Amino acid sequence: MRSVRAGRDVAFVAVNDGSCLASLQVVAEEGMEGFDQACRLGTGSAVEVHGLLRPSPAAGQAMELAAERLVTIGGADESYPLQKKRHSFEYLRTIAHLRPRTNNFGAVFRLRSSLAQAVHRFFSERGFLYVQTPIITANDCEGAGELFRVTTLDPASPPLADGSVDFSADFFARPTGLTVSGQLEGELFAQAFTDIYTFGPTFRAENSNTARHAAEFWMIEPEMAFADLMEDARLAEEFFRYLCSHVLSECAEDMAFFDAQIEKGLLERVRRVAETPFAVMEYTEAIAHLEKATVPFQYPVSWGLDLQSEHERYITEQVVGGPVFIVNYPKDIKAFYMRQNDDGRTVAAMDLLVPKVGEIIGGSQREERLDLLTARMTGAGIDPASLWWYLESRRWGSTPHAGFGLGFERLIMYLSGMENIRDVIPFPRTPRHAEF
RNA sequence: UCCCCAAUAGCUCAGUCGGUAGAGCGGGUGGCUGUUAACCACCAUGUCCCUGGUUCGAGUCCGGGUUGGGGAGCCA
């Protein structure tokens, strides 16, 4: 029950079951069973109503429920923290157990659910295999990011060997943590099933305090065998635009809410992305644009340095004015598994940059040549023996292959206009916050 | 982790020059013949984040802390 507007002889009760943004108007009239009860209902209570669904004589709703009997299933008194008014997101985060009952979070989590199903539908329609990669991993070199430790050892007095913790006595008999990416395992499955994707939780123990980072988030990672970088980019574009079209047609009511309440112009922005092909720009070309820029940058620009947030925003917002793939980055600033280009100094990496957000997809063609991969791994300080199974995928039937990662929460932020990652995940985990 | 900002009623906030605290919403009571986060009238609300200092006197000024927010780095 969202609100009651009670008069002497008639009361209007707005009831919402979460299925959509709009509430059902229940009309209770003097004399019916439970009328006094209906007038006194507190916001947040749960009710059962019997009555006749009929066209509404008043503007504001097409149908209404003329109540014959109203029963309070679960009452809510005046201490209920949600009021019939707008609350700040900061306050609602402190009551994350109740915020899904609000209009705004109802819209967010319906959008999230619908998008998750659209992700599966997109890949299913294209014959991709859905693979569940492990959440607990012993890989300590999956890429960037600090690992959360997984252990059953007593933190107060762990077993020691030669002065350091003896992980051979731990549950898995080795150090383990929560995965930061399912990519490496995904590549193995691509070698068997050609086209695969993962969609699951990932974890980063980084002390990141921003509106765009969470310690636990969901990531979508497709991987295609017999594919190069540009095929990878094509898939990313098709995928991203598919999801834009999806929310416009399937979540129209909630999208209209976001457009009205969260970000003016959201619908137009998403519509444009759904309809317009994405630009592609070489990293080298992007550097040239930045060097010509008249606006001052805080961080230096030169070939070989990574692009900072301010640079990415400039390229996508000022130079291109829409989504753009930046491709072929210097190899020294990218991960060991990315395929080396023939120029000897770049790798087949791509980032999709979008206005407002910056980088939203990161991907690459993977290095399929065993000797080059081993050399880069060693150069990155990673013991090839620790990833022997990954290297073996390059020993037998190695194929060119490529994939990318999309942060699910960032996608939701982009499509809803919500500006804080903590407000698009049901129960956010960030540094010092694991309540609920 | 670094930089900046903020913290006052249940919520959102105002509080002038340092002189002992206010509004709207929400809540309560009453009214209202169909309302749309209804409307009208009345009523009640406070550890001014904590701590130390300056001062005759601190919500207000200063130091330390806590919490929250924004930005950066890292990235998705």
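Here is how names work: the chains are called A, B, and so on, in the same order as the sequence lines, proteins then strands, and each is numbered from 1. Everything numeric in this text was worked out from a predicted model, so none of it was measured.
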Base of B:G10 paired with side chain of A:Q83 (donor-acceptor, under 3.5 Å): yes

Sugar-phosphate only, base, or nothing, as touched by A:A6 at under 4.0 Å among non-hydrogen atoms: base

Nearest listed nucleotide, side chain of A:Q25, among B:U36, B:U33, B:G70: B:U36

Sugar-phosphate only, base, or nothing, as touched by A:R54 at under 4.0 Å among non-hydrogen atoms: base

Base-pairing mate for B:C42 - Watson-Crick or G-U, with both contacts under 3.5 Å: B:G28

A:K84 vs B:U36: side-chain N/O to OP1/OP2 distance below 4.0 Å: no

Sugar-phosphate, base or nothing in reach of A:S79, heavy atoms under 4.0 Å: nothing

Sugar-phosphate only, base, or nothing, as touched by A:E64 at under 4.0 Å among non-hydrogen atoms: base

Atom-pair distance (NE2 on A:H213; C1' on B:G73), nearest Å: 9 Å

Aromatic ring pairing A:Y197/A:F123, orientation class (parallel under 30°, perpendicular over 60°, tilted between): parallel

Centroid separation A:F217 to A:F203 less than 6.0 Å: no

Nearest listed nucleotide, side chain of A:F12, among B:G68, B:G24, B:U35: B:U35

B:A7 to B:C62 separation - P atoms, rounded to the nearest Å: 13 Å

Any-strand Watson-Crick or G-U partner of B:C2, both distances under 3.5 Å: B:G71

B:G31 versus B:U47 - spacing of their P atoms, nearest Å: 33 Å

Integer angstrom distance from the P of B:G59 to that of B:G18: 13 Å

B:A9 versus B:A21 - spacing of their C1' atoms, nearest Å: 10 Å

Pair A:T210-A:H213, side-chain donor/acceptor within less than 3.5 Å: yes

Atom-to-atom span, CZ of A:R422 to C1' of B:G70 - whole angstrom: 10 Å

Sugar-phosphate only, base, or nothing, as touched by A:A59 at under 4.0 Å among non-hydrogen atoms: base

Donor-acceptor pair under 3.5 Å, A:S208 side chain vs B:C74 base: yes

Sugar-phosphate only, base, or nothing, as touched by A:I360 at under 4.0 Å among non-hydrogen atoms: sugar-phosphate

Ionic contact status for A:R54 with A:E64, cut-off 4.0 Å: yes

Spacing of A:R101 atom CZ relative to B:C11 atom C1', expressed in whole Å: 17 Å

Selection from B:G34, B:A72, B:U1 that lies nearest to any side-chain heavy atom of A:N207: B:U1

A:Q308 side chain near B:G73 phosphate (N/O to OP1/OP2, under 4.0 Å): yes

Phosphate OP1/OP2 of B:G73: any A:S309 side-chain N/O under 4.0 Å: yes

Between B:A14 and B:G24 - P atom distance, rounded Å: 16 Å

B:A58 and B:U67, which share atom name P, separated by this distance in whole Å: 28 Å

Flag for A:H50-A:E48: side-chain donor and acceptor within less than 3.5 Å: yes

Parallel, tilted or perpendicular: rings of A:F427 and A:F436 (30°, 60°): tilted

Of A:A215 and A:E419, the one whose closest RNA chain B nucleotide lies more 5': A:E419

Residue-phosphate contact under 4.0 Å: A:H433 side-chain N/O, B:U67 OP1/OP2: no

Side-chain N or O of A:R93 closer than 4.0 Å to phosphate OP1/OP2 of B:G69: yes

Touch class at under 4.0 angstrom, heavy-atom based, for A:Y91 against every strand present: sugar-phosphate

A:R432 CZ to B:G69 C1', straight-line distance once rounded to whole Å: 12 Å

A:Y337/A:Q183 under side-chain hydrogen bond (donor to acceptor under 3.5 Å, both in side chains): CA gap, chis, key distance, verdict: CA-CA 10 Å; A:Y337 51 74; A:Q183 181 197 313; 3.3 Å; yes

Nearest-neighbour nucleotide for the A:N420 side chain, B:G34, B:C75, B:G70 considered: B:G70

Touch class at under 4.0 angstrom, heavy-atom based, for A:F408 against every strand present: nothing

Position toward the 5' end of RNA chain B (nearest nucleotide), A:V10 or A:S88: A:S88

Polar pair under 3.5 Å, donor/acceptor by atom type, side chain A:H87, base B:C11: no

Sugar-phosphate, base or nothing in reach of A:T210, heavy atoms under 4.0 Å: base

A:F325 and A:F278 aromatic ring geometry - parallel, tilted or perpendicular at 30°/60° bounds: tilted

Counter-base of B:U35, judged by Watson-Crick or G-U geometry with both distances under 3.5 Å: none

Pair A:R204 + A:E216, salt bridge at N-O below 4.0 Å: no

Residue-phosphate contact under 4.0 Å: A:N209 side-chain N/O, B:G69 OP1/OP2: no

Polar pair under 3.5 Å, donor/acceptor by atom type, side chain A:R86, base B:G24: no

Nearest-angstrom distance from the residue atom CE of A:M1 to P of B:G26: 13 Å

Proximity of A:Y130 and A:H120 rings by center, below 6.0 Å: yes

Nucleotide B:A72, atom P - distance to CD of A:E359 in whole Å: 14 Å

A:E78 CD to B:C25 P, straight-line distance once rounded to whole Å: 19 Å

Gap between atoms CD1 and C1', on A:I333 and B:G73 respectively (whole Å): 15 Å

Under 3.5 Å donor-acceptor pair, A:Q298 side-chain atoms to B:G71 base atoms: no

Sugar-phosphate, base or nothing in reach of A:G7, heavy atoms under 4.0 Å: base

Sugar-phosphate only, base, or nothing, as touched by A:E310 at under 4.0 Å among non-hydrogen atoms: nothing

Shortest side-chain distance from A:K85, nucleotide among B:G34, B:G69, B:C25: B:C25

OP1 or OP2 of B:C32 under 4.0 Å from side-chain N/O of A:R8: yes

Side chain of A:R5 (C-beta onward), nearest among B:G34, B:A37, B:G71: B:A37

